[in-house]
Visitor: 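The structure under discussion is supplied below as structure tokens; questions concerning it will follow.
Chain A is the first sequence line, chain B the second, and so forth, proteins listed ahead of strands; every chain is numbered from 1. What's counted below: heavy atoms across the whole structure, side chains too, no hydrogens, waters or symmetry copies.
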2 protein chains.
Amino acid sequence: MKNTYRIGEVATRTGCSPESIRHYEKLGLLPPAKRSEQGYRHYDQAALARIGFIRHGRSLGLDLHSIQELLALSDHPDTDCGAADDIATRHLQHLEARIAKLQALAAELRQVVQQCRGGKTADCQIIQTLYDHTLACSEHGCG
Amino acid sequence: MKNTYRIGEVATRTGCSPESIRHYEKLGLLPPAKRSEQGYRHYDQAALARIGFIRHGRSLGLDLHSIQELLALSDHPDTDCGAADDIATRHLQHLEARIAKLQALAAELRQVVQQCRGGKTADCQIIQTLYDHTLACSEHGCG
DNA sequence: GCTTGACCCTGTAACGATTACAGGGTTTAG
DNA sequence: CTAAACCCTGTAATCGTTACAGGGTCAAGC
């Protein structure tokens, strides 16, 4: 059981590329890593946990700014939890809005695809629909 | 009824910013616009229709590369319609996959948010869950 | 005539998160 | 001793859009 890891091993353990880890450090989500005499970054378990935190947040679709806010809250255990709840709830609403929009898009695209009866491009209903604004934009206010 | 429009008027008519129009031209989705003596771009009805095509494709979530392919097909009316169908179908599948992923994310995030009971950050379940990989990653293979 | 504001032009950089280099040094295994 | 695999920094690419900077053109109003 090693107590420190170089960036490559951290990458394999966390599923986070070395480039991303360095990027997080540059952005301030990670504190400057300790360096060996040759300048190699070394990470301990706490750093691994922090990178895992970031990765998990990213896998939930949180942006790095939100994750940074959550990390800042985590670094100050005495602050109120409501701020964290706000960030997560805000993101959840953002997600739900995006899902709704994508579903509307998919429904419209499904309709467009179904209109295709084969044949030549000149008669293709997919292309015709894209040219004709009034058809596909009628159901939801696009543009 | 004018027969040509300057870029600003095209922008208001199509809902596409002048910057984007110039960008589409640089990328080759639009042919080089005719210029006035002073170098101002001028557009006719056909160009307006083409920009509308692009905008509509974008509003459906198509990327500019796919739109360029569709425009190329549209420019060659004798080609087979199947290629257009492929592009649209491929994008639809892409959309559906993204929706499914976002829904899984939202479900997980909803669960995380519900665990928050208020209080101090030190006890916040939102932050704890982000630190703890095993909890939230169990349901779908994240990472 | 002269200024003000609204246009237009080009080229470049920013956004967010990641990836891919180039160009160089270090470690490790054969 | 050498080749592969690793590490470093810094820069540029990706995607589509927006925002500049720095300059030219044209209309209306004084």
Visitor: Each nucleotide in nucleotides 14-22 of chain D should get exactly one letter: B, S or -. Can you fill that in based on protein heavy atoms under 4.0 Å?
Guide: --SBB----
Visitor: For B/His65, which residues count as a side chain to side chain contact (heavy atoms under 4.5 Å, CB included) partner, sequence neighbours excluded?
Guide: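 Scan of B/His65 (side chain to side chain contact (heavy atoms under 4.5 Å, CB included), adjacent residues dropped) gives B/Asp63, B/Glu69.
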Visitor: Map A/Tyr43 and A/Lys26 onto DNA chain D by nearest heavy atom, then report which one ends up closer to the 5' terminus.
Guide: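 Here A/Tyr43 is the residue nearer the 5' end.
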Visitor: Could you tell me the separation between the CD1 atom of B/Ile7 and the P atom of C/dT10, rounded to a whole number of Å?
Guide: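 Rounded to the whole Å, the gap is 9 Å.
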Visitor: Rounded to the nearest 0.5 Å, how far does CD of A/Gln115 lie from CG of B/Asp85?
Guide: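 Going from CG on B/Asp85 over to CD on A/Gln115, the span is 11.5 Å.
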Visitor: Pairs counted as Watson-Crick or G-U wobble with both distances under 3.5 Å: what dot-bracket string results for DNA chain C, using | for bases tied to another strand?
Guide: ||||||||||||||||||||||||||||||
Visitor: Hey, can you pull the donor-acceptor pairs under 3.5 Å for the side chains in residues 22-33 of chain A, sequence neighbours left out?
Guide:
from	atom 1	to	atom 2	distance (Å)
A/Tyr24	OH	A/Arg55	NH2	2.8
A/Glu25	OE1	A/Arg41	NE	2.9

Visitor: Only counting residues at least two apart or in another chain, list the ones meeting side-chain hydrogen bond (donor to acceptor under 3.5 Å, both in side chains) with B/Thr79.
Guide: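 side-chain hydrogen bond (donor to acceptor under 3.5 Å, both in side chains) list for B/Thr79, sorted by chain: A/Thr121.
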Visitor: Examine B/Tyr43 together with B/Tyr5 and report whether their ring centres are nearer than 6.0 Å.
Guide: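 Between B/Tyr5 and B/Tyr43, which both carry aromatic rings, the centre distance is not below 6.0 Å.
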Visitor: Report all interatomic pairs (protein N or O, nucleotide N or O of nucleotides 26-29 of chain C) with separations under 3.5 Å.
Guide:
from	atom 1	to	atom 2	distance (Å)
C/dT26	O4'	A/Tyr40	OH	3.0
C/dT27	OP1	A/Gln38	OE1	3.2
C/dT27	OP1	A/Gln38	NE2	3.1

Visitor: Could you list the residues that satisfy side-chain hydrogen bond (donor to acceptor under 3.5 Å, both in side chains) with A/Arg50, not counting sequence neighbours?
Guide: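 Once residues adjacent in sequence are excluded, the partners of A/Arg50 under the side-chain hydrogen bond (donor to acceptor under 3.5 Å, both in side chains) criterion are A/Asp75.
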Visitor: Can you list everything that forms a side-chain hydrogen bond (donor to acceptor under 3.5 Å, both in side chains) with A/Glu96? Sequence neighbours excluded, please.
Guide: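 Here the qualifying residues are B/Arg110.
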Visitor: For DNA chain D, which residues in residues 87-98 of chain B have a heavy atom at a distance below 4.0 Å?
Guide: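 Close to the strand, none.
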Visitor: Excluding sequence neighbours, so at least two apart, what forms side chain to side chain contact (heavy atoms under 4.5 Å, CB included) with A/Asp44?
Guide: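 Listed in chain order: A/Lys34, A/Ala46, A/Ala47.
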Visitor: Restricting to salt bridge (charged side-chain N to carboxylate O under 4.0 Å, His left out), what partner residues turn up for A/Lys120, sequence neighbours left out?
Guide: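 In terms of salt bridge (charged side-chain N to carboxylate O under 4.0 Å, His left out), with neighbours along the sequence ignored, A/Lys120 is linked to no residue.
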Visitor: Could you tell me which residues satisfy side-chain hydrogen bond (donor to acceptor under 3.5 Å, both in side chains) with B/Arg90, sequence neighbours excluded, listed by chain and number?
Guide: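 Listed in chain order: nothing, the list is empty.
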Visitor: Could you state the CD-C1' distance from A/Glu9 to D/dA5, rounded to the nearest angstrom?
Guide: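 Rounding to the nearest Å, CD of A/Glu9 and C1' of D/dA5 are 14 Å apart.
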Visitor: Would a 4.5 Å heavy-atom cut-off, applied to side chains only, mark A/Leu95 and A/Leu60 as touching?
Guide: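 No, too far: nothing below the 4.5 Å cut-off.
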